[in-house]
There are 2 protein chains.
Amino acid sequence: MKIADVAEASGLSAKTIRYYEDIGLVRPARGTNGYRAFVETDVHKLRFLARARSLGFSIEECRTLLSLYEDRARASADVKALAEAHLRRIDRKIAELEGLRGTLATLVARCHGDERPDCPILDDLAGPSAGDAQ
Amino acid sequence: MKIADVAEASGLSAKTIRYYEDIGLVRPARGTNGYRAFVETDVHKLRFLARARSLGFSIEECRTLLSLYEDRARASADVKALAEAHLRRIDRKIAELEGLRGTLATLVARCHGDERPDCPILDDLAGPSAGDAQ
DNA sequence: CTTGACCTTCCAGTTACTGGAAACCCTACA
DNA sequence: TGTAGGGTTTCCAGTAACTGGAAGGTCAAG
């Protein structure tokens with residue numbers, strides 16, 4: 001199998017697959033012409049990686065997941081711990097974004113958004129205007 | 001004012017402030033010794049930038065916001081449009097993360113997380129196991 | 001034997017910084 | 001006067017995970 005076929009089969013781009021080889025996630029064999037020659041297990045690994053990445057795991061986490069996947073003596077607790085850590089990270093990120101969303105939505109709602117320069121959004125960004133107290 | 005004072009006053013690190021000068025967001029004067037000599041408006045700008053960044057605006061958006069802030073003939077509609085675009089981006093990101101969160105939470109819940117190798121999380125990552133149909 | 005579609009490697013760029021090295025400056029203290 | 005310490009300067013490299021592009025090799029068809 002050549003790289004374009006594998007790209008098609010895995011949903012990753014050829015560029016990404018080469019990159020994954022670069023960083024040691026896969027090690028496809030090479031044909032006499034120097035082309036990468038992928039076998040089924042390579043494709044399977046790449047699909048695994050694509051799925052793990054799509055769930056937001058980092059490359060290093062994917063590396064660990066892959067090694068756990070290939071370790072028949074693994075403990076599912078190790079996998080679960082990784083996934084839980086990732087879940088907590090996602091929760092923190094969501095909370096952070098919802099905070100931003102709240103502030104931003106308030107500012108947007110307050111801004112009339114017309115031709116006039118007067119703008120609560122910029123006022124907020126500029127911070128407390130000390131001069132106003134006067 | 002020297003850079004450490006400005007860092008203190010703006011909440012940005014000295015490194016970040018130098019970086020912002022590099023990319024043209026601020027242009028502090030220089031003393032005879034080559035040190036950056038910040039004035040109040042520089043500090044104000046940097047605080048503006050720190051606030052905008054903390055709301056998740058990109059550097060390029062911050063640049064635009066800053067130029068709008070300094071443009072006394074601006075239309076608030078322009079600011080609002082920028083903020084609304086950012087808001088939509090945040091909403092999309094939240095939705096994406098909540099999707100991930102749902103999938104991941106399900107998988108984590110299904111995994112017993114003990115010493116045994118059996119793991120629904122890895123099974124999911126490995127994709128539909130064609131062999132199971134038997 | 002040429003054309004076009006693949007494939008290869010390698011280098012640069014992306015975002016928004018951060019760390020670190022080497023060197024310069026300033027102040028205080030002995 | 002010398003020096004120790006803290007600040008400051010510049011510049012280079014690295015981060016995460018690719019992506020784009022250039023230059024060149026390979027292959028199948030006509």
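Protein chains get the first letters and strands the later ones, always in sequence-line order, with residue 1 at the start of each. Here the structure is a predicted model, which means the values were calculated and not measured.
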### Message
Distance check needed: D:dA28 P versus A:Lys2 NZ, whole Å only.
### Response
7 Å
### Side-chain N,O (B:Ser13) to OP1/OP2 (C:dC17) below 4.0 Å
no
### Query
With respect to the side chain of A:Ala4, which nucleotide from D:dT8, C:dC6, D:dT19 is positioned closest?
C:dC6
### For atom CZ of A:Arg63 and atom P of D:dC18, their distance in whole Å
12 Å
## Note on the structure
Assert: residue with more 5' nearest nucleotide on DNA chain C, out of B:Phe57 and A:Phe38, is A:Phe38
### Distance, rounded to the nearest Å, where B:Asp22 contributes CG and D:dT9 contributes P
12 Å
### Query
Is there side-chain contact between B:Arg74 and B:Asp78, with at least one heavy-atom pair below 4.5 Å?
no
### Euclidean distance, atom CD1 of residue A:Ile3 to atom P of D:dC18 [Å, nearest integer]
14 Å
### Query
Where the side chain of B:Ser76 meets the backbone of A:Asp114, is there a donor-acceptor pair that is under 3.5 Å apart?
yes
### Message
Looking at C:dC24, I'd like to know if its phosphate oxygens (OP1 or OP2) sit under 4.0 Å from a side-chain N or O belonging to B:Asn33.
### Response
no
### Task
Find the distance B:Ile23:CD1 to C:dT14:P and express it as a whole number of Å.
12 Å
### Side-chain touch A:Arg63/A:Ile23, heavy atoms, less than 4.5 angstrom
yes
### N/O (side chain, A:Tyr20) to phosphate O (OP1/OP2, D:dC18) under 4.0 Å
yes
### Message
Looking at A:Asp22, is its backbone amide N or carbonyl O close enough to the side chain of A:Arg18 to form a donor-acceptor pair, meaning the two atoms are under 3.5 Å apart?
### Response
no
### Task
Could you state the atom-to-atom distance from OH of A:Tyr35 to C1' of D:dA28 in whole Å?
11 Å
### Contact pattern, 5' to 3', of nucleotides 10-16 of chain D - B, S or - by protein heavy atom under 4.0 Å
BB-----
#### Entry: Pair A:Arg89, A:His86: side-chain N/O donor-acceptor within cut-off below 3.5 Å
yes
### Task
Considering only NZ, NE, NH1 and NH2 on the basic side and carboxylate oxygens on the acidic side, decide whether A:Glu21 and A:Arg36 come within less than 4.0 Å.
yes
### Query
Heavy-atom distance under 4.5 Å between the side chains of A:Phe48 and A:Arg53, does that happen here?
no
### Message
Is the phosphate of D:dA17 approached by A:Thr16 (side-chain N or O, under 4.0 Å from OP1 or OP2)?
### Response
no
### Distance, rounded to the nearest Å, where A:Glu8 contributes CD and C:dC6 contributes C1'
15 Å
